[in-house]
Amino acid sequence: MLLALPFPARAQQPKKVQRIGYLSSFGPARESTRAEAIRLALRERGYIEGQNLAIEYRYAEGKLDRAAELAAELVRSKVDIIVAAGGSLVIRAAMNATKTIPIVMVGAGADPVEAGYVESLARSGGNVTGITLLSGLLV
């Protein structure tokens, strides 16, 4: 018993479940391929939905006037990151909803510097990062 005293029993701490907010201007059917690709990429990095990852999906389903409301819902639900998929209005809605939660834009066709999402392509300068389709500008 004396040998056990210097080594107190420690309860195993549960791992934090990472929460992703997925905000799209489209509906679940149109977003299923992209959402599945994101889930697979996260799984490859050890993030498994239902174990250490929760994804909150919000779909505007073409009603872009709902984007601001949906972004605000994600912020209130205390997600760790927001994936903004489906264009400028969704990205802008996420930006207007939070200045602190990281926002990852996916697939927007606008130049992110020109649109005001980031300060430069080298350094975003804020809470927005991600990928965009700039292939036409690279020719």
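When reading the values below, keep in mind they use all heavy atoms of this one structure, side chains included, and skip hydrogens, waters and symmetry mates. Please read all numbers here as calculations on a predicted model, not as lab measurements.
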Supply the atom-to-atom distance [X] [atom1] to [Y] [atom2], rounded to the nearest 0.5 angstrom.
X: Ile82; Y: Ile103; atom1: CD1; atom2: CD1; value: 5.5 Å
X: Arg19; Y: Ile101; atom1: CZ; atom2: CD1; value: 10.0 Å
X: Arg34; Y: Arg30; atom1: CZ; atom2: CZ; value: 8.5 Å
X: Ile20; Y: Leu74; atom1: CD1; atom2: CG; value: 11.5 Å
X: Arg66; Y: Ser25; atom1: CZ; atom2: OG; value: 12.0 Å
X: Leu23; Y: Ile91; atom1: CG; atom2: CD1; value: 9.5 Å

Report yes if the side chains of [X] and [Y] come closer than 4.5 Å at any heavy-atom pair, otherwise no.
X: Thr98; Y: Val75; value: yes
X: Glu119; Y: Val113; value: no
X: Val83; Y: Ile38; value: yes

*Tyr117 side chain to Ser88 side chain, donor-acceptor N/O pair below 3.5 angstrom*: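 The answer is yes; a qualifying pair exists.
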*Do Tyr57 and Glu31 have a side chain donor and acceptor closer than 3.5 Å?*
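The criterion, which ignores hydrogens and geometry beyond distance, is not satisfied for Glu31 and Tyr57.
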*asked:* Salt bridge or not between Arg58 and Glu56? Use side-chain N to carboxylate O under 4.0 Å.
replied: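 Salt bridge between Arg58 and Glu56, a charged N being under 4.0 Å from a carboxylate O: yes.
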*Between Asn52 (side chain) and Lys16 (backbone), is there a donor-acceptor pair under 3.5 Å?*
no
Is there a path of hydrophobic side-chain contacts, each under 4.5 Å between heavy atoms of I, L, V, M, F, W or Y residues, that connects [X] with [Y]?
X: Phe26; Y: Val90; result: no
X: Leu89; Y: Tyr59; result: no
X: Leu53; Y: Val106; result: yes

Can you name the closest pair of heavy atoms from [X] and [Y] and give their distance?
X: Ala35; Y: Tyr22; answer: N-OH, 4.0 Å
X: Gln51; Y: Val17; answer: O-CG2, 3.8 Å
X: Ala71; Y: Ala93; answer: CB-O, 3.6 Å
X: Pro112; Y: Met105; answer: CB-CE, 3.4 Å

_Could you check whether atom CD of Glu114 has more than 12 heavy atoms from other residues, nucleotides or ligands sitting under 6.0 Å from it?_
no
*asked:* Counting only heavy atoms not in Lys99 (residues, nucleotides, ligands), do more than 12 fall under 6.0 Å from its NZ?
replied: yes
_Is the positively charged end of Arg45 above the ring of Tyr47, judged by distance under 6.0 angstrom from the centroid and angle within 45° of the axis?_
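The answer is no, since Arg45 fails at least one limit relative to Tyr47.
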*Can you list the steps and then say if Thr100 with Asn127 is a side chain to side chain contact (heavy atoms under 4.5 Å, CB included)?*
CA-CA 6 Å; Thr100 57; Asn127 64 324; 6.0 Å; no
